[in-house]
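Everything quoted here is computed from the prediction, not taken from an experiment.
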Amino acid sequence: VVVCRLIGESDARASVLGLHSDLESLYRKSTDAFVICDDRGSILDANDGFLDLTDLASKFEVTSRDLSDFLQRGRIDLNVILENTMRTGHMRMYATRLKNDRGLQVAVEISPVLLSDQGGVRIALVVRDAKRAASVRVASEDGGRSGLPNRNVAELVGSASLKEIVAETSDVIEKMCIETAVDLTGNNRAAAAEMLGLSRQSFYVKLRKFGLVKREES
């Protein structure tokens with residue numbers, strides 16, 4: 001049995017047009033920054049939220065420029081965003097800093113989504129001020145999924161000194177950061193080292209420390 005509701009063509013067209021209008025209003029009026037770029041990173045459009053974050057007065061200062069011009073690590077950040085988005089269709093969050101031509105920098109979280117239509121491939125990016133986003137994010141919402149459950153930390157108290165507990169938990173966090181950087185850059189270790197602010201030599205030392213280097217590479 002199939003149950004369906006038929007609506008007139010004019011009603012369907014009106015519904016689609018209404019949705020397009022709502023989405024355009026959201027794009028234009030949102031306090032979050034929105035950027036549309038092509039598959040090479042050239043900016044096609046940006047809303048007022050992006051201009052506010054970069055402290056620019058006009059959209060003409062942004063349009064047709066390369067998105068890497070506004071990213072702290074330039075082409076490294078952009079390549080990570082583009083490669084992951086083109087491969088999976090989206091990224092949940094990518095942390096970096098926005099900058100402008102006058103040296104202003106602000107920490108941001110970027111969530112890109114792959115768009116495609118008859119006109120070609122486009123990537124839409126939602127850019128949020130990291131400090132504002134952090135203020136509404138509560139640690140308990142993680143539910144202990146971060147890799148450091150509260151129960152495990154509590155079990156260490158009394159069985160080891162504070163210095164030993166801090167060292168152990170720091171190693172866990174450090175390993176997680178390194179694994180994430182390697183994953184985001186597609187195992188490009190030079191890019192991963194720069195993303196973490198490490199020299200290549202220090203990065204390889206840490207890879208070996210946590211057993212992340214293949215035996216044949218060792």
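Using a 4.5 Å cut-off on side-chain heavy atoms (C-beta onward), Asn187 and Arg189 make contact. Taking the side chain as every heavy atom from C-beta outward, Leu82 and Asp39 never approach each other to under 4.5 Å. Looking at heavy atoms from C-beta onward, Glu109 lies out of side-chain contact with Thr96 at the 4.5 angstrom threshold.
Considering only residues two or more places apart in sequence or on other chains, Leu104 meets the side chain to side chain contact (heavy atoms under 4.5 Å, CB included) condition with Asp55, Asn100.
Counting only distance, with no hydrogens or angles, the side chain of Ser202 and the backbone of Leu198 share no donor-acceptor pair below 3.5 Å. Side chain of Thr85 to main chain of Ile81: a donor-acceptor pair is present (N/O by atom type, distance under 3.5 Å, no hydrogens or angles). Side chain of Glu194 to backbone of Ala190: no donor-acceptor contact under 3.5 angstrom is found. Looking at Asp38, its side chain never comes within 3.5 Å of a backbone N or O of Leu44 through a donor-acceptor pair. Formation of a donor-acceptor pair under 3.5 Å by the Asn47 side chain with backbone atoms of Phe50 is found in this model. Between the side chain of Glu24 and the backbone N or O of Ser21, no donor-acceptor pair lies under 3.5 Å. A donor-acceptor contact shorter than 3.5 Å links the side chain of Asn79 to the backbone of Arg75. In this structure, the side chain of Tyr94 does not engage the main chain of Val108 through any donor-acceptor pair within 3.5 Å. Within the 3.5 Å criterion, the main-chain N or O of Val182 finds a donor-acceptor partner in the side chain of Thr185.
Among residue pairs with one or both ends in residues 82-98, none qualify as salt bridge (charged side-chain N to carboxylate O under 4.0 Å, His left out); sequence neighbours excluded.
A distance of 12.5 Å separates CG of Leu125 from CG of Asp32, quoted to the nearest 0.5 Å.
Connection of Val121 to Ile110 is established within a shared hydrophobic cluster, with ILVMFWY side chains joined at heavy-atom distances below 4.5 Å, either directly or through further cluster members.
Within a 6.0 Å radius of CZ in Arg28, other residues, nucleotides and ligands contribute more than 12 heavy atoms.
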